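What follows is one structure encoded as structure tokens, with my remarks underneath.
What you see is a predicted model, and the numbers here were worked out from it, not measured in a lab.
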Amino acid sequence: MKRGFKAVKLGYVPISKFVFSAEDARHYKALVQDKLDEWGIHYTNIDGVTDDGMLYKHEDLPKVIEHLKAKGVDALFCPHCNFGTEDIAALLGREMGLPYLLWGPRDELPLPDGSRLRDTQCGLFATSHVLRRLQVPFTYILNSRVHDPVFERGVKNFIRVASVVKAFRSLRIGQIGQRVDFFWSTIINEAELLEKFGIEVWQIYISELVAEIRRRLEARDDELLTTTEEVKSQVGFKSLGEQQIRAIVALSLTMREMAERDKLSAIALQCFPVLQQEFGIYPCLANSLLGIEGLPVICETDIHGAITACLLQAANLYQDSVFFADMTIRHPENDQAELLWHCGSFPLDLADRGIEPFAGEHFIMPGEEAGVGHWRIKGGDVTIARFEQAGGEYHLALGQGRGTTGPHTVGAYLWFEVEDWTRWERKFIYGPYIHHVAGMHGQAAPILYEACKYIGVNPDPIEPAEQVLEDFWWKP
């Protein structure tokens with residue numbers, strides 16, 4: 001796991017009812033818990049809090065809430081082990097205010113005398129109605145058997161959803177330097193982010209960054225010299241002197257230290273002109289090195305871009321690196337493909353096989369300054385997203401495509417192919433989005449779409465369509 005990973009702790013609260021079979025409810029409580037153990041889910045149950053480790057009595061509800069809060073759970077899983085008690089199940093969700101997973105095991109055949117042990121689905125219908133009435137958002141897994149793939153997939157994907165929500169509710173974005181004056185597209189409302197979502201934008205003066213880089217260079221400490229040699233073994237350098245290479249490494253070490261000191265989720269960096277004036281470098285390679293570790297460093301002081309990158313990391317449980325890109329040009333021959341590109345800041349561990357990555361000059365702004373990475377990244381399934389605001393409303397554009405072949409270019413890049421590019425172009429032209437996106441390998445659009453219901457952000461799916469994303473949770 002990369003930096004920033006925090007395991008989601010599930011509050012496992014089996015729900016039962018005073019009618020139907022208490023013995024069968026206890027049986028399914030144990031079966032489900034065995035599955036959580038088998039899948040390596042981090043959870044706490046309510047054994048010892050209620051008589052049988054299940055919730056169905058009103059007098060037990062305060063004790064259960066106190067217990068779950070004390071344990072610091074991040075989400076709730078309330079399987080209905082028989083019919084279920086809808087008012088208590090819904091009140092628990094309202095009081096906890098956490099992502100809520102609803103499911104119940106599919107009923108077996110009636111007994112020989114015609115009686116039934118659980119009527120679980122009927123109880124699920126009742127609870128879902130009360131959850132909606134109390135305005136408690138929830139995620140539902142198709143009524144299925146404990147060993148069905150749809151159940152396992154649903155629980156594991158819900159953990160990814162809860163990871164996104166947990167990350168979003170504790171975001172602290174470090175802003176190093178001011179917004180570049182002519183980048184109006186990255187203007188944000190810092191106060192609104194704090195008031196609406198509790199997202200902190202932590203200010204760090206660019207002068208502090210410069211002073212610390214200079215101190216490291218003058219001290220020539222062991223960490224700087226050792227890390228410089230490690231970096232030189234991973235990537236080639238063109239048009240960079242030894243002092244420039246060390247300055248890039250010093251920048252990387254300094255930003256990492258600042259992130260640890262100030263408990264930052266990500267950094268939005270003023271990438272020019274100060275670093276070029278002071279050290280003759282571009283920060284792109286330094287950003288790339290930190291991306292490998294799981295610390296997104298986002299170009300051009302793009303706060304919303306940093307938030308997007310954090311959401312993508314959490315959706316994949318911090319297993320893979322996230323890259324930050326411009327959507328730049330259409331493929332010259334493939335009408336359904338677009339160039340995802342930036343000035344060499346894509347994490348180096350994403351470089352495609354057979355590529356010899358190197359850092360050199362900036363092709364748009366050539367000169368003595370250097371530090372821009374040049375490599376194509378691997379293809380496969382890719383998820384793209386963008387968090388943005390318009391008129392006090394916040395939206396998350398999200399979609400999936402795949403890497404494809406295309407002509408060589410400079411910088412860090414990937415040719416990205418979709419089913420219908422016109423949908424994407426229309427979405428980003430009419431907004432409220434800009435050309436900056438965060439990307440991650442894998443298929444995370446259904447996870448981000450589901451997470452939006454818990455974080456107060458409007459999901460804005462591009463491809464696949466909204467109905468497909470909703471069906472994701474229902475298909476066996």
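Remark: aromatic rings of Phe416 and Trp424 are close, center separation under 6.0 Å. You'll find the ring centres of Trp103 and Phe138 outside the 6.0 Å limit. Not less than 6.0 angstrom separates the ring centroid of Phe428 from the ring centroid of His435. Between Tyr394 and Phe387, a ring centre-to-centre spacing shorter than 6.0 Å is recorded.
Just one residue in the list Phe323, Trp341, Trp375 forms a ring pair (Phe, Tyr, Trp, His ring centres under 6.0 Å) with Phe346, and that residue is Phe323.
Atom CG of residue Leu289 and atom CG of residue Leu295 lie 11.5 Å apart, to the nearest 0.5 angstrom.
Taking the six-membered ring for Trp and thresholds of 30 and 60 degrees, Tyr433 and His395 have ring planes more than 60 degrees apart, a perpendicular arrangement.
Considering only residues two or more places apart in sequence or on other chains, His374 meets the ring-ring contact (aromatic ring centres under 6.0 Å, His included) condition with Phe358. Contacts of Glu260 classified as salt bridge (charged side-chain N to carboxylate O under 4.0 Å, His left out), with partners at least two apart in sequence or in another chain: none. Partners of Lys9 under the salt bridge (charged side-chain N to carboxylate O under 4.0 Å, His left out) rule, at least two apart in sequence or in another chain, do not exist in this structure.
With hydrogens and angles left out, the side-chain atoms of Glu450 and Thr139 include a donor and acceptor closer than 3.5 Å. Residues Asp326 and His342 have side chains that bring a donor and an acceptor to within less than 3.5 angstrom of each other.
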